[in-house]
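Below is one structure, written out as structure tokens; the observations come after it.
Within every chain, numbering begins at 1; the chains are lettered A, B, ... in the order of the sequence lines, protein sequences first and strands thereafter.
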Protein chains: 2
Amino acid sequence: MSDAPTRSGDDGSGRQSIWTRPERGSRGPVPAHSRDAIVEAAIALADAEGLPAVSMRAIATALGTGAGSLYRYLSSRDDLLDLMTDRVVGELRPYPPAEGDWLDGMLLLARRQLALHRRHPWLIEVSHRPSAVGPESLAWFDNCLRILEPVACAVTAKFEAIAMVTGVVSLFARSAAAAGSFSFAGADLAAYPHLVAAFSQPPAPAPRADLFERTLRGLLTGLLVADPTEAG
Amino acid sequence: MSDAPTRSGDDGSGRQSIWTRPERGSRGPVPAHSRDAIVEAAIALADAEGLPAVSMRAIATALGTGAGSLYRYLSSRDDLLDLMTDRVVGELRPYPPAEGDWLDGMLLLARRQLALHRRHPWLIEVSHRPSAVGPESLAWFDNCLRILEPVACAVTAKFEAIAMVTGVVSLFARSAAAAGSFSFAGADLAAYPHLVAAFSQPPAPAPRADLFERTLRGLLTGLLVADPTEAG
DNA sequence: TGTAAACTACAAACGGCGTTCGCAGTTCAG
DNA sequence: CTGAACTGCGAACGCCGTTTGTAGTTTACA
């Protein structure tokens with residue numbers, strides 16, 4: 001909506017994004033900390049105690065300084081979250097060589113992305129917020145395009161497909177994190193006949209094998225090797 | 001993970017969920033406000049100014065009272081968000097009669113859900129948080145099961161399918177809300193050859209017709225009318 | 001009917017948050 | 001050498017969700 005604030009290298013207010021602003025000037029004492037150290041401490045904190053525990057004061061305490069001092073290195077907590085995200089996206093490297101089927105290649109990338117979410121559960125909470133795309137995220141995106149190179153279709157379709165794959169990955173990551181986190185106790189189940197019918201059935205024999213892969217395979221073939229009869 | 005806190009009618013600490021706790025007792029003056037009025041004010045605020053504007057103080061001001069007074073009707077802000085969510089889910093009623101193909105029925109429901117997200121953009125931010133399932137959400141779920149009744153497969157698969165549909169809906173809602181909200185300015189694009197190649201191509205002739213529907217159709221058939229050769 | 005318990009409203013306060021500001025000390029450009 | 005640009009730091013600001021204390025009101029029950 002509105003005038004598209006497009007967080008980029010230089011927004012209207014003259015402020016620079018975290019990706020283009022230099023870490024420090026040439027004068028003054030050598031800083032006691034660094035952007036990297038702060039990001040590292042924040043990630044460690046998020047991995048260990050979850051995203052809500054990542055407060056400026058907590059990070060500063062972990063680094064042995066005050067909360068206000070962090071603003072010598074960052075301009076806001078949002079910038080820090082962007083840096084954290086891009087840094088862990090870097091863990092997706094090294095990217096495998098483009099060999100074999102492009103579909104298998106995309107599935108491999110998706111599985112790696114899912115593993116990344118397992119390593120850093122806070123990624124789910126952080127990725128839903130409009131963020132500035134960092135260099136590692138761009139590299140990942142670029143690599144997806146590389147794998148999709150043999151596919152003959154419009155770039156728009158590829159963009160859509162990549163976005164959908166990322167979305168489905170976060171979907172699975174979210175459902176894995178929220179597994180069994182609620183129940184129906186206390187509700188008047190009598191009002192929901194199909195629900196009680198479903199629960200009165202014998203439990204499923206076993207979870208279907210690799211719902212993740214089947215979903216993505218269906219999605220990608222559906223989006224990229226489209227039925228030519230409905231070319232719009 | 002851990003001991004599954006299962007937010008339900010009565011959690012371990014003896015506190016009752018917002019769905020089972022009575023709104024008021026029998027003694028004392030008649031309350032000046034009501035749970036419904038608070039929820040309504042909160043939804044109006046969220047629709048107009050976004051979820052961050054929904055602070056206890058703002059709601060209280062809108063109702064002409066103090067922030068602390070709201071705790072006579074709610075036990076926490078999280079409870080309020082649960083109530084808000086369930087209330088707008090009620091807007092999905094009335095549910096259409098189960099006629100025609102189940103796939104078409106599910107697609108209709110999904111489209112309605114997407115429209116709901118368009119009406120209440122804050123739903124995206126609120127639904128990613130582990131929440132207590134309210135009666136309207138249960139009714140919606142029950143209705144999905146009703147539509148899927150003619151499908152002959154395990155209930156587990158139906159649950160998975162419903163969850164995936166909801167997830168894909170929120171995916172599309174999110175991408176619609178974030179459309180064009182970032183750019184690559186300031187980045188050294190030379191390091192991303194496939195990205196620049198993609199952008200140097202002529203723009204797509206036109207967006208593919210109804211990516212939403214095609215995605216869901218592929219997903220549902222893939223998940224529910226599974227290939228019998230790989231029955232697990 | 002009298003009284004105590006249960007309920008109401010409300011303002012003030014608590015602790016935490018992200019962030020800003022002023023101050024004192026340090027380093028380097030001109 | 002001087003002054004500008006930087007550094008760390010602690011106090012403060014204005015928000016937030018929530019708790020608490022006080023005072024007034026209504027109902028249940030002896």
If the condition is side chain to side chain contact (heavy atoms under 4.5 Å, CB included), which residues does B/Pro31 pass it with, not counting sequence neighbours?
B/Arg24, B/Tyr73
A/Leu74 atom CG is separated from C/dT20 atom C1', nearest whole Å, by 15 Å
Examine distances only and state if a side-chain atom of A/Glu213 and a backbone atom of A/Leu107 form a donor-acceptor pair shorter than 3.5 Å.
no
Tell me the bend of the helix from C/dT1-D/dA30 to C/dG30-D/dC1 as the angle between end helix axes, each from five pairs, rounded to the nearest 10 degrees.
10°
Counting N and O atoms only, with roles assigned by atom type, does the side chain of B/Ser69 sit under 3.5 Å from a partner on the main chain of B/Thr65, one being a donor and the other an acceptor?
no
Round to a whole Å and report the spacing from OH of B/Tyr71 to P of D/dG17.
7 Å
For nucleotides 14-16 of chain D, which of its nitrogen or oxygen atoms have a protein nitrogen or oxygen under 3.5 Å away, and what is each distance?
residue, atom, partner, partner atom, Å
D/dC16, OP1, B/Ser55, OG, 3.2

Going by an N to O cut-off under 4.0 Å, is there a salt bridge joining A/Arg129 and B/Glu125?
no
Is there a donor-acceptor pair closer than 3.5 Å between any side-chain N or O of A/Asp142 and the backbone N or O of B/His194?
yes
A/Ser137 side chain to A/Val133 main-chain N or O, any donor-acceptor pair under 3.5 Å?
no
For B/Ser170, enumerate each residue passing the side chain to side chain donor-acceptor pair (under 3.5 Å) test, keeping only those at least two apart in sequence or located in another chain.
none
Donor-acceptor contacts under 3.5 Å from residues 108-115 of chain A side chains, at least two apart:
residue, atom, partner, partner atom, Å
A/Arg112, NH1, A/Leu92, O, 2.6
A/Arg112, NH1, A/Pro94, O, 2.9
A/Arg112, NH2, A/Pro94, O, 3.2

What is the distance, rounded to the nearest whole Å, between atom CD1 of A/Ile59 and atom P of D/dC9?
16 Å
Charged N to carboxylate O below 4.0 Å: is that the case for A/Asp47 and A/Arg119?
no
Check nucleotides 7-12 of chain C for protein N or O atoms closer than 3.5 Å to its own N or O atoms and list the pairs.
residue, atom, partner, partner atom, Å
C/dA9, OP1, B/Ala32, N, 2.4
C/dA9, OP1, B/Tyr73, OH, 3.0
C/dA9, OP2, B/Tyr73, OH, 3.1
C/dA9, N7, B/Arg72, NE, 3.4
C/dA9, N6, B/Arg72, NH2, 3.1
C/dC10, OP2, B/Thr65, OG1, 2.9

Salt-bridge present (A/Arg35, A/Asp79; N to O < 4.0 Å)
no
